[in-house]
Amino acid sequence: MAAGSDAWRAGQSYEQYMGRWSRRVAARFVARLALPRDADWLEIGCGTGALTATVLADAAPRSILAIDPSADFVAHARSTIDDPRVRFAVADARSLPAAEASVDVVASALVLNFIPDRPAALAEMRRVLRPDGLLAFYVWDYPGGGMGFIDVFWKAVAELGLQSGAPDEGQRFPFCTREGLAALCREAGFGSVTVEPIEIETVFPDFEAFWQPFTLGAGPAPSYCVGLSEDHRAALKAQLAGMLGTDGPVRLGARAWAVTARSARSA
């Protein structure tokens, strides 16, 4: 992940903001892969361990090397996942701590768009994959408004005219579309690329439950929110309340693009 607001250091805050939704997508994502047992996995950007835990529970791996550039995230994941098949490490996706052709699956959840040099990272993923290895990852459909609660947040920011310097993911990650992600993988030398949607509903018991994760500073939108003046933050909260209502649950859709690909040399 990039530095600054993207370096989500507070594991518990991230869990409230995004981790709980990533876990739901992870279950569907892993089920679709239908991989053989006893595979060696390398997970890039493990965060709080949402995908790690799902792979352990549902994919029967032989081993997982789970890395993240944030020492705090690695510590959080290590404290919540106690399994001898997993090794956690602080590392960068552009310099993976694995030998050439040493893993069966390279996977990541909600990470690829935050890596500054994606071509270099994808080249590293190809390097460590075995000839029949699989690249598998998912990212939110930011350009299509696919992460509903983030999309409505930035729409409220725009309505208030507070956009100057705002890290709106839809504008920052225009390649997070079906076509853009497929092209990214092919340009990196991968073939047999598939990109399919995974859709869930994010449900908050009430408006306050929706608003609270944005006040924790974990992630681009929350970091932006806590950086506002008190008056602007209050105005933003009021704007969102007007858009979503404060009577009853808040229900918003979420769509991720799930990508699988194999090295072109073995496709």
Side-chain angles (χ1 to χ4, degrees), residues 1-25 45 47-48 50 68-73 75-76 109-111 113-116 139-177 200-256:
M1 291 184 188
S5 63
D6 292 340
W8 288 332
R9 297 182 179 87
Q12 191 55 46
S13 295
Y14 172 78
E15 187 66 24
Q16 292 184 52
Y17 174 60
M18 190 64 72
R20 51 182 163 162
W21 311 121
S22 180
R23 289 175 190 280
R24 289 181 54 194
V25 176
T48 55
D68 199 285
S70 165
D72 287 340
F73 267 6
H76 180 92
L110 311 179
V111 168
N113 52 297
F114 289 105
I115 298 173
V139 296
W140 296 122
D141 175 16
Y142 291 117
M147 196 48 180
F149 67 81
I150 296 177
D151 190 53
V152 74
F153 175 91
W154 293 121
K155 285 179 177 175
V157 168
E159 288 289 331
L160 291 171
L162 299 176
Q163 278 189 297
S164 178
D168 184 335
E169 291 93 336
Q171 298 175 22
R172 293 170 62 201
F173 307 128
F175 62 90
C176 287
T177 63
I200 62 170
E201 185 179 43
T202 62
V203 182
F204 303 87
D206 52 35
F207 177 77
E208 289 298 328
F210 164 86
W211 172 252
Q212 193 262 349
F214 288 107
T215 68
L216 301 177
S223 291
Y224 176 81
C225 185
V226 300
L228 293 171
S229 67
E230 288 188 18
D231 287 348
H232 282 163
R233 191 160 52 250
L236 178 56
K237 182 179 181 180
Q239 179 71 21
L240 283 163
M243 294 168 71
L244 298 171
T246 57
D247 184 17
V250 175
R251 299 176 180 272
L252 295 163
R255 178 174 55 257

Report yes if some heavy atom in the side chain of Pro213 is under 4.5 Å from a heavy atom in the side chain of Arg20; otherwise report no.
yes

Which word best sums up how the rings of Trp154 and Tyr224 line up, parallel for under 30°, tilted for 30 to 60°, or perpendicular for over 60°?
tilted

Classify the angle between the aromatic ring planes of Tyr142 and Phe173 as parallel (below 30°), tilted (30 to 60°) or perpendicular (above 60°).
tilted

Which atom pair, heavy atoms only, marks the closest approach of Gly217 to Pro222?
N-CB, 3.6 Å

Which residues pass the side-chain hydrogen bond (donor to acceptor under 3.5 Å, both in side chains) test with Arg23, not counting sequence neighbours?
Glu15

Indicate yes or no for a side-chain donor-acceptor contact from Thr202 to the backbone of Gly253 under 3.5 Å, with no hydrogens or angles considered.
no

Mind checking the CH2-CG spacing from Trp21 to Leu110? Nearest 0.5 Å is all I need.
13.5 Å

Under the ring-ring contact (aromatic ring centres under 6.0 Å, His included) rule, collect the residues that match up with Phe210, sequence neighbours excluded.
Phe204, Phe207, Phe214

Test of understanding: with salt bridge (Lys or Arg N to Asp or Glu O under 4.0 Å), list the residues that count as partners of Arg255, not counting sequence neighbours.
Asp141, Glu199

Report the C-alpha distance between Arg172 and Asp168 in whole Å, list the side-chain angles of each, state the deciding distance to 0.1 Å, and finish with yes or no for side-chain contact (heavy atoms from CB on, under 4.5 Å).
CA-CA 6 Å; Arg172 293 170 62 201; Asp168 184 335; 5.8 Å; no

Who pairs with Asp151 by side-chain contact (heavy atoms from CB on, under 4.5 Å), at least two apart in sequence or on another chain?
Lys155

Output every pair passing salt bridge (Lys or Arg N to Asp or Glu O under 4.0 Å) with a member in residues 237-251, not counting sequence neighbours, ordered by first then second residue.
Glu201-Arg251, Glu208-Lys237

The reported gap from CG in Leu240 to CD in Glu159 (rounded to nearest 0.5 angstrom) is 10.5 Å

Could you pull out every donor-acceptor pair under 3.5 Å between side chains of residues 225-232 and any protein atom, sequence neighbours left out?
unit_1, atom_1, unit_2, atom_2, d
Ser229, OG, His232, N, 3.2

Flag side-chain contact, heavy atom, 4.5 Å: Trp140 against Val25:
yes

Minimum-distance pair of heavy atoms, taken over all atoms of Phe153 and Ala221
CZ-O, 3.6 Å

Nearest 0.5 angstrom please: Arg233 CZ to Leu162 CG, how far?
12.0 Å

Between Ser22 and Ala50, which heavy-atom pair has the shortest distance, and what is it?
OG-CB, 4.0 Å

Step by step, work out the side-chain contact (heavy atoms from CB on, under 4.5 Å) result for Phe114 and Val139.
CA-CA 10 Å; Phe114 289 105; Val139 296; over 6 Å; no

Which atom names give the shortest non-hydrogen contact between Gly47 and Asp68, and what distance separates them?
N-OD2, 2.9 Å

